[in-house]
*Asks:* 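Dropping a structure here in structure tokens format, bear with me for questions.
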Amino acid sequence: MLRWLERHPEIDTVVLSSLLTQYLDDSKYELQRTRSGERLRGGPAMRAALLDDMTATVKRLRAMGKRVMVVAPPPSAPFDIAGCLERRQARRWTIGATPGCVIDEADDAHRRAAEHRFVADLAKSDARLPVLRFEPLLCDGTTCQVERDGVPLYRDQGHLSHEGSRLLMPAVMSELLGERQIALARGPRQQNR
């Protein structure tokens, strides 16, 4: 991918995005370097390797003259949000979901503590790297929205739907254009109040 980007100077902005779980959840995954075959296991080692690799990737992209931003994973739920909304709309029972199919913000913070910690570490490692977090756009300190104006924002438990992405795209574009918004602050949400 990096070689391809070198050959395409017309691409001036690169957006890096991942759910990060596969890199940080040492209970299910281990990291293996493609070329050397080196294997890493354990949260701290995996987090350090990911931070080193992301930092190196950002440096290489900037050396090509690219502008780089990171989109952090959106809040997620331990249930299929879109399925829950569909069942609710059809007036069917929803089992295992929260009332209203919303995301419990405290539960999300607990389940994805490693991802939240990594995103914070990445933002601290490079003050010039814009990191878009969805929590300020979607969450109120207790719950996170899963639909807006009747439009489902999620297609499953943690991926934004096409429609949800389109609704949230103005915030991403504002960051790319250098405009500041509360949702695009680099610090924790508490600093934005």
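Everything quoted here is computed from the prediction, not taken from an experiment. When a residue number appears, it is its place in the shown sequence, counting from 1.
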*Asks:* Is a side-chain donor or acceptor of Arg111 paired with a backbone partner of Ser76 at a separation under 3.5 angstrom?
*Replies:* yes
*Asks:* Mind checking the CZ-CE spacing from Arg3 to Met1? Nearest 0.5 Å is all I need.
*Replies:* 12.0 Å
*Asks:* For the residue pair Leu5 and Met64, establish whether any side-chain heavy-atom pair is separated by less than 4.5 Å.
*Replies:* yes
*Asks:* Is Leu122 close to Met54 at the side-chain level, that is, under 4.5 Å between some pair of heavy atoms?
*Replies:* yes
*Asks:* Applying side chain to side chain donor-acceptor pair (under 3.5 Å), which residue pairs with at least one partner in residues 143-153 are found, sequence neighbours left out?
*Replies:* Arg88-Glu147, Gln145-Arg148
*Asks:* Give every donor-acceptor pair under 3.5 Å between a side-chain atom in residues 160-167 and any protein atom, sequence neighbours left out.
*Replies:*
from	atom 1	to	atom 2	distance (Å)
Ser161	OG	Pro152	O	2.8
Ser161	OG	Leu153	O	3.4
Ser161	OG	Gly164	N	2.8
Ser165	OG	Ser161	O	3.0

*Asks:* Side chains of Arg62 and Asp126: does their closest heavy-atom pair fall under 4.5 Å?
*Replies:* yes
*Asks:* Give the intermediate values and the outcome of side-chain contact (heavy atoms from CB on, under 4.5 Å) for residues Ile11 and Lys66.
*Replies:* CA-CA 7 Å; Ile11 296 174; Lys66 310 290 185 194; 4.1 Å; yes
*Asks:* Once rounded to the nearest 0.5 Å, what's the spacing between atom SG of Cys139 and atom CG of Asp108?
*Replies:* 7.0 Å
*Asks:* Hydrophobic clusters here meaning ILVMFWY residues chained together by side-chain heavy-atom distances under 4.5 Å, can you tell me if Leu51 and Val131 are in one?
*Replies:* yes
*Asks:* Do Leu20 and Val14 belong together in a cluster built from hydrophobic side chains that touch within less than 4.5 Å?
*Replies:* yes
*Asks:* Any heavy-atom pair between the side chains of Pro73 and Ser18 that's under 4.5 Å?
*Replies:* no
*Asks:* Apply side-chain hydrogen bond (donor to acceptor under 3.5 Å, both in side chains) to the pair Asp107 and His110, showing each step before the final yes or no.
*Replies:* CA-CA 5 Å; Asp107 176 66; His110 175 73; over 6 Å; no
*Asks:* Given the rule that I, L, V, M, F, W and Y join up when any side-chain heavy atoms are under 4.5 Å apart, are Trp4 and Leu2 in one cluster?
*Replies:* yes
*Asks:* Kindly indicate whether the side chain of Val102, heavy atoms from C-beta on, has any atom under 4.5 Å from the side chain of Thr142.
*Replies:* no
*Asks:* Less than 4.5 Å apart, any side-chain heavy atom of Cys84 and any of Thr98?
*Replies:* no
*Asks:* My understanding is that only residues two or more places apart in sequence, or in another chain, count here; which of them pass ring-ring contact (aromatic ring centres under 6.0 Å, His included) with Trp93?
*Replies:* none
*Asks:* Could you please spell out the steps behind the side-chain contact (heavy atoms from CB on, under 4.5 Å) verdict for Asp12 and Arg67?
*Replies:* CA-CA 6 Å; Asp12 58 2; Arg67 187 167 178 208; 5.9 Å; no
*Asks:* side-chain contact (heavy atoms from CB on, under 4.5 Å) for Glu135 and His116? Distances and angles first, verdict last.
*Replies:* CA-CA 11 Å; Glu135 286 82 356; His116 288 290; 3.0 Å; yes
*Asks:* Of all heavy-atom pairs between Ala123 and Arg133, which one has the smallest distance, and what is that distance?
*Replies:* CB-NH2, 3.6 Å
*Asks:* State, with a plain yes or no, whether a side-chain heavy atom of Tyr154 is found less than 4.5 Å away from one of Cys101.
*Replies:* no
*Asks:* Salt bridge check, Arg47 against Asp52: does any charged N sit closer than 4.0 Å to a carboxylate O?
*Replies:* no
*Asks:* Would a hydrophobic clustering, with Ile, Leu, Val, Met, Phe, Trp and Tyr connected at side-chain separations under 4.5 Å, put Leu19 with Ile103?
*Replies:* no
*Asks:* Apply side-chain contact (heavy atoms from CB on, under 4.5 Å) to the pair Ile95 and Phe79, showing each step before the final yes or no.
*Replies:* CA-CA 9 Å; Ile95 300 170; Phe79 57 88; over 6 Å; no
*Asks:* Could you go through Glu86 and Arg155, starting from their C-alpha distance and side-chain angles, then the distance that decides it, and tell me whether this counts as salt bridge (charged side-chain N to carboxylate O under 4.0 Å, His left out)?
*Replies:* CA-CA 11 Å; Glu86 184 179 322; Arg155 65 178 173 94; over 6 Å; no
*Asks:* Do Asp156 and Ile81 make a side-chain contact, defined as non-hydrogen atoms from C-beta onward lying under 4.5 Å apart?
*Replies:* no
*Asks:* Taking all non-hydrogen atoms of both residues, which atom of Glu105 and which atom of Gly141 are closest, and how far apart?
*Replies:* OE1-N, 2.8 Å
